[in-house]
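For reference, the structure discussed in these notes is given below.
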Amino acid sequence: MRGSLKAYNKVNISSQAAEASPHKVVQLLLGGSIDKLLQAKLAIEQNATAKKGELIGRTVEIVAHLQAALDFEQGGEIAQNLSAMYDYMVRRLVDANQNNDVDALLEVIDLLRTVKSGWDAIPVEHHHLKKPA
């Protein structure tokens with residue numbers, strides 16, 4: 001039953017991402033990262049080392065993907081600040097993974113929630129803006 005639920009959730013998220021605007025994709029990535037880190041915290045508490053490593057590793061990949069998608073020409077100082085924050089998050093996640101540091105995970109979760117909160121506050125009329133050609 002649990003495996004079926006996981007498979008359904010994976011298909012559901014994939015379907016949402018396929019139909020989503022770029023804005024929605026970022027929302028999904030940020031939310032997914034937070035969820036994975038909460039699961040990693042639980043894995044640390046349960047001494048599930050392999051699961052912890054997998055969840056943190058997947059989160060590092062997501063953060064790296066978000067960082068790679070930054071547009072420094074259009075985003076200017078905001079993009080630079082986000083890039084620096086994403087670098088910091090990755091360093092803290094590596095620390096968390098190596099040292100089973102729950103505080104480092106919680107710090108990154110708070111940072112991701114802050115970014116997601118700002119992203120969620122973007123008015124709907126700006127969700128589908130395209131880059132100029």
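Computed from a predicted structure; not experimentally measured.
Looking at residues two or more places apart in sequence or on another chain, you find a side chain to side chain donor-acceptor pair (under 3.5 Å) between D120 and Q27, K116. The salt bridge (Lys or Arg N to Asp or Glu O under 4.0 Å) test applied to R58 returns E54, not counting sequence neighbours. Every side chain to side chain contact (heavy atoms under 4.5 Å, CB included) that T49 has, sequence neighbours left out, goes to N47, K52.
Contacts classified as ring-ring contact (aromatic ring centres under 6.0 Å, His included) and involving residues 92-119 (residues at least two apart or in different chains) are given here: H23-W119. Contacts classified as ring-ring contact (aromatic ring centres under 6.0 Å, His included) and involving residues 35-87 (residues at least two apart or in different chains) are not found.
The line from CZ of R92 to CG of D101 is 5.5 Å long, rounded to the nearest 0.5 Å. A distance of 11.0 Å separates CD in E77 from CG in L82, rounded to the nearest 0.5 Å. Residue I78 holds its CD1 atom at 12.0 Å from CG of D71, rounded to the nearest 0.5 Å. Atom CE of M89 and atom CG of L66 lie 8.5 Å apart (nearest 0.5 Å). Atom OG1 of T59 and atom CG of L29 lie 11.0 Å apart (nearest 0.5 Å).
D103 is not listed as a side-chain neighbour of E107, based on a closest heavy-atom distance of 4.5 Å or more. The shortest distance between side-chain heavy atoms of L105 and I56 falls below 4.5 Å.
Between S33 and L112, the closest heavy-atom pair is CB-CD1, 3.8 Å.
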**Report entry** Audit row: L111, Y88, side chain to side chain contact (heavy atoms under 4.5 Å, CB included) steps and yes/no
**Finding:** CA-CA 10 Å; L111 290 170; Y88 177 76; 3.9 Å; yes
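Linking Ile, Leu, Val, Met, Phe, Trp and Tyr whenever their side-chain heavy atoms come within less than 4.5 Å leaves L55 and L106 in two separate clusters.
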Distance-only criterion, 3.5 Å: show the donor-acceptor pairs between side-chain atoms of residues 34-45 and protein atoms not counting sequence neighbours.
unit_1: K41; atom_1: NZ; unit_2: E45; atom_2: OE2; d: 2.6

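N97 contributes no side-chain N or O that, together with a main-chain N or O of L93, makes up a donor-acceptor pair within less than 3.5 Å.
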